[in-house]
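Single-structure report; data block below.
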There are 2 protein chains.
Amino acid sequence: MTNIPDGKMPETPTMSDVARRAGVSAMTVSRALKEGSHVSKETRERIMQAVNELGYVLDQSAGSLSSRRTGFIAAIIPSINNSNFSDTARGITDALEETGLQLLLGYTNYSVEREEELIEAMLRRRPEGIILTGGSHTPKGRRMLEQAGIPVIETWDRPSQPIDKVVGFSNGEAMELLVETLAAKGYRRFGYIGGTTARDTRGSQRRAGFVCALERLNLPADRLISFGVPPISMEQGAQAVVNMLERWPDTQVVLCVSDLSAFGALMECQRRGMKVPEDIAIAGFGDYEIAACCHPRMTTINVDCYGIGRQAALKLTQAIQGVGKPEALTVTDFRVIEREST
Amino acid sequence: MTNIPDGKMPETPTMSDVARRAGVSAMTVSRALKEGSHVSKETRERIMQAVNELGYVLDQSAGSLSSRRTGFIAAIIPSINNSNFSDTARGITDALEETGLQLLLGYTNYSVEREEELIEAMLRRRPEGIILTGGSHTPKGRRMLEQAGIPVIETWDRPSQPIDKVVGFSNGEAMELLVETLAAKGYRRFGYIGGTTARDTRGSQRRAGFVCALERLNLPADRLISFGVPPISMEQGAQAVVNMLERWPDTQVVLCVSDLSAFGALMECQRRGMKVPEDIAIAGFGDYEIAACCHPRMTTINVDCYGIGRQAALKLTQAIQGVGKPEALTVTDFRVIEREST
DNA sequence: CCTATTTATGTTATCGCTATCATCGAAAGG
DNA sequence: CCTTTCGATGATAGCGATAACATAAATAGG
């Protein structure tokens with residue numbers, strides 16, 4: 001907190017204070033603090049000195065009211081605790097770094113209602129663009145986004161009716177690819193661990209992809225264990241694999257909605273003295289750090305979380321600055337990473 | 001983006017537009033949109049209808065300029081990808097939820113220079129309070145914080161010269177406690193894995209605590225393996241333990257600066273056919289989800305990351321609202337969680 | 001040397017909202 | 001029934017910056 005030496009004003013100084021001290025107009029101060037505007041060297045130095053002496057910090061709220069540019073980008077992710085999504089957030093921030101745009105980050109805890117609230121809270125700050133996770137929103141949320149008059153990017157998915165622009169991939173296809181890859185290795189009795197709730201859209205799509213791929217291969221697709229609502233934990237994976245083994249002890253390979261549950265399953269199997277992949281194979285989704293490091297190392301799908309964020313932010317800044325015409329759809333890569341667990 | 005049905009104005013509506021439509025003054029609209037102000041029921045309904053019809057969303061930048069309250073809280077953490085810190089961020093957001101304050105989150109990548117930039121970027125937004133991680137800042141950063149005239153909370157540490165208020169614990173003491181606990185179990189030949197760089201202050205403090213505790217116990221404290229700059233990865237832990245075993249093959253127990261490196265070490269040991277804890281014991285720091293779930297489950301120190309965030313945010317809102325006089329120092333709990341890895 | 005252009009600075013008018021004070025009618029109190 | 005209080009609303013004036021236009025001085029061009 002400020003310490004106020006008696007008579008002095010405790011108020012944070014304004015641009016006029018700086019201007020007065022430097023003997024110029026406020027406008028000149030404004031220019032001096034902005035890159036690439038014409039201010040003579042001496043004036044600029046005098047102003048900078050005044051700025052330092054007063055400890056002046058530009059008030060961007062005021063600035064953005066007048067310039068009609070807030071310098072904010074909003075991003076809404078399901079969870080900051082999930083490293084897949086925080087990687088995306090990191091990709092966004094990194095891409096934004098040079099543009100001077102600042103990230104307003106919110107997380108929904110996988111709830112569309114919460115997302116709706118967040119959308120409104122964010123729009124109140126008049127972001128210049130907004131990045132969402134997934135393509136499911138409440139009708140009101142959707143309407144607000146459409147009316148906001150700013151570019152919107154949906155990520156981590158390929159919505160059938162995008163609001164505006166998309167940077168994502170098909171979670172279903174990715175899972176299908178994984179099934180096919182494993183089937184090609186000779187596995188036949190597949191199990192799946194992952195939620196079914198409408199809440200986790202990407203989870204449901206992965207599961208649908210699992211079923212779809214097996215049906216196409218004429219293999220049974222009924223070994224499905226679901227657990228509660230997201231966020232999915234490692235521990236849930238451990239419980240689920242127990243469940244799976246009780247119901248279908250001869251399961252050869254278990255695919256999980258995420259590396260986190262896959263890891264929980266893997267550890268639980270080891271705890272029970274089962275060998276992975278000899279007794280049972282396990283694969284995850286997301287290529288989290290843990291998948292590359294655990295023992296045995298985990299087969300999974302890499303989905304370029306960081307790149308999703310980065311590309312979304314780039315597309316957004318393109319749209320904002322009106323530089324070129326950004327593609328409406330960017331499909332991001334995913335690829336199977338075969339490791340020791342299968 | 002907005003679709004503009006020819007003649008219509010594409011501009012986002014303002015409060016005056018709503019006022020005109022509802023047949024009241026802008027001030028009344030402002031009141032109607034704010035909780036606990038006197039507006040008659042009929043008027044409020046009329047206004048809300050106008051709000052919905054126009055799709056009006058309050059402009060908080062303009063509002064905060066006038067009310068001199070931005071509704072922002074800034075928080076700066078080293079990394080969003082580290083679940084310890086993202087837990088803290090979650091604690092902050094959750095505690096803020098009811099207050100209507102919004103979080104401006106930034107991450108430093110463990111760089112104080114970056115922290116300084118972030119502090120300035122944040123202060124430009126005129127947050128009503130700011131939460132920092134750790135007690136090391138650049139002189140300029142420190143000065144800016146002192147002059148900002150807002151409550152400042154340093155967390156995750158116990159700085160010797162706090163700027164304002166503190167919510168944290170001594171990383172050194174926590175590590176000492178872990179050493180003592182394990183020494184009491186009979187371990188004698190301790191090794192430590194973790195960085196030394198000034199960059200990771202908390203890491204250095206933990207290491208100092210390790211050395212300090214061993215010296216007090218008259219045990220050798222020279223088995224130290226350091227690795228590069230943070231963020232610390234699992235893989236680094238794996239490499240470090242190899243290094244440790246080469247130099248001091250008879251090490252009984254390895255303490256790591258974080259559960260993540262501890263996990264990497266644990267997996268690497270298993271990969272090499274060593275049994276944990278029989279051949280070598282391993283302990284981490286932070287009580288990440290992985291520590292409770294891996295096999296064998298990992299001994300570690302729980303440090304209530306979420307609680308740090310929560311308490312910091314509570315203290316901050318107290319200071320902002322001037323309700324009571326918040327304590328300058330809150331020492332948060334830490335405790336050893338003994339599990340199977342030691 | 002004079003006009004055309006550029007550079008450096010100032011003036012003014014908002015940006016969209018809310019604090020503050022003012023107003024007016026209705027309910028409450030004696 | 002008259003004063004007092006309160007509740008509902010409006011009018012006005014900024015908040016602290018910047019856009020836009022204006023002006024004066026400096027430089028360039030012929």
Side-chain angles (χ1 to χ4, degrees), chain A residues 9 11-48 50-51 54-72 100 123-128 148-149, chain B residues 9 11-48 50-51 54-72 100 120-121 123-128 148-149:
Chain A
M9 68 167 181
E11 312 275 325
T12 35
T14 73
M15 198 172 261
S16 308
D17 297 327
V18 176
R20 205 170 310 117
R21 192 176 193 105
V24 293
S25 74
M27 196 59 233
T28 307
V29 176
S30 175
R31 289 194 185 103
L33 293 178
K34 197 166 183 168
E35 301 273 308
S37 26
H38 307 282
V39 178
S40 76
K41 199 167 181 179
E42 308 89 62
T43 312
R44 171 166 270 133
E45 273 166 12
R46 208 141 33 88
I47 290 174
M48 284 315 183
V51 164
L54 291 172
Y56 174 71
V57 175
L58 190 68
D59 185 335
Q60 225 175 132
S61 340
S64 55
L65 180 58
S66 142
S67 68
R68 336 223 356 70
R69 295 208 49 195
T70 57
F72 276 129
L123 290 181
R124 276 207 235 279
R125 302 292 185 174
R126 295 288 186 272
E128 301 181 30
Chain B
M9 67 168 180
E11 313 275 324
T12 35
T14 74
M15 198 171 261
S16 307
D17 297 328
V18 176
R20 203 171 310 118
R21 193 177 191 104
V24 293
S25 72
M27 196 59 234
T28 305
V29 176
S30 174
R31 289 194 184 101
L33 294 178
K34 195 168 184 167
E35 301 274 307
S37 26
H38 307 281
V39 178
S40 77
K41 197 165 182 178
E42 308 89 63
T43 312
R44 169 167 271 133
E45 274 166 12
R46 210 142 30 89
I47 290 173
M48 284 315 183
V51 164
L54 292 172
Y56 174 71
V57 175
L58 190 66
D59 184 335
Q60 226 176 131
S61 340
S64 54
L65 180 58
S66 160
S67 67
R68 341 237 328 85
R69 296 208 48 195
T70 57
F72 276 129
E120 178 151 18
L123 290 180
R124 277 207 233 277
R125 302 293 185 175
R126 295 289 186 271
E128 301 181 29

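Just so it is clear: chains get the letters A, B, ... in the order the sequence lines come, proteins before strands, and each one is counted from 1.
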| task | Indicate the atoms forming the closest heavy-atom contact of A/S25 with A/A19, along with that distance. | result | C-CB, 3.6 Å
| How many Å lie between CD on A/E42 and C1' on C/dT7, as a whole number? | 13 Å
| Separation of atom CE in B/M15 from atom P in C/dC15, rounded to whole Å | 15 Å
| request: Nearest whole angstrom, please: distance from the C1' of D/dA17 to the CZ of B/R124. | output: 13 Å
| field | Closest nucleotide among C/dC17, C/dA8, C/dG10 to the A/H38 side chain | value | C/dA8
| query | Expressed in angstrom and rounded to an integer, what is the separation of B/R126 atom CZ from D/dG16 atom P? | reply | 9 Å
| Can the positive tip of A/R125 be found less than 6.0 Å from the middle of the six-membered ring of B/F72, inside 45° of the ring normal? | yes
| Looking only at side-chain N and O atoms, does B/T28 come under 4.0 Å of OP1 or OP2 in D/dG10? | yes
| Which atom of A/L33 lies closest to which atom of A/Y56, heavy atoms considered | CD1-CE2, 3.7 Å
Give each protein N/O atom lying under 3.5 Å from an N/O atom of nucleotides 20-26 of chain D, with the pair distance.
none

| query | Within this structure, what is the CG-to-P distance between A/D59 and D/dC15, rounded to whole angstrom? | reply | 12 Å
| message | Test: side chain to side chain donor-acceptor pair (under 3.5 Å). Region: residues 32-42 of chain B. Which pairs qualify, not counting sequence neighbours? | response | B/S40-B/T43
| field | Contact under 4.0 Å: B/Y56 side-chain N or O vs C/dG16 OP1/OP2 | value | no
| request: Heavy atoms only: give me the nearest A/P13-A/L54 pair and the separation to one decimal. | output: CG-O, 3.6 Å
| query | Rounded to the nearest Å, what distance is computed from the CD1 atom of residue A/I47 to the P atom of nucleotide C/dA8? | reply | 12 Å
| query | Think A/K41 has a side-chain N or O under 4.0 angstrom from the OP1 or OP2 of C/dT7? | reply | no
| task | Indicate yes or no for a side-chain donor-acceptor contact from A/R124 to the backbone of B/L58 under 3.5 Å, with no hydrogens or angles considered. | result | no
| request: Check the surroundings of atom CZ in B/R69: do more than 12 heavy atoms from other residues, nucleotides or ligands lie under 6.0 Å from it? | output: no
| remark: For A/E128 and A/T70, the nearest pair of non-hydrogen atoms, with its separation, is OE2-N, 3.3 Å
| request: Specify the closest pair of heavy atoms between B/A32 and B/V39, including all atoms of both residues, with the distance to one decimal. | output: N-CG2, 3.8 Å
| CD of A/E35 versus C1' of D/dT18: gap in Å, rounded? | 17 Å
| task | Nearest whole angstrom, please: distance from the P of D/dT18 to the CD of A/Q60. | result | 9 Å
| query | Is the phosphate of C/dT7, meaning OP1 or OP2, less than 4.0 Å from a side-chain N or O of A/S40? | reply | no
| query | Under a 4.0 Å heavy-atom cut-off, which of residues 61-72 of chain A touch DNA chain C? | reply | A/L65, A/S66, A/R68
| said: By the 4.0 Å heavy-atom rule, please label A/T14 as base, sugar-phosphate, or nothing. | reply: sugar-phosphate
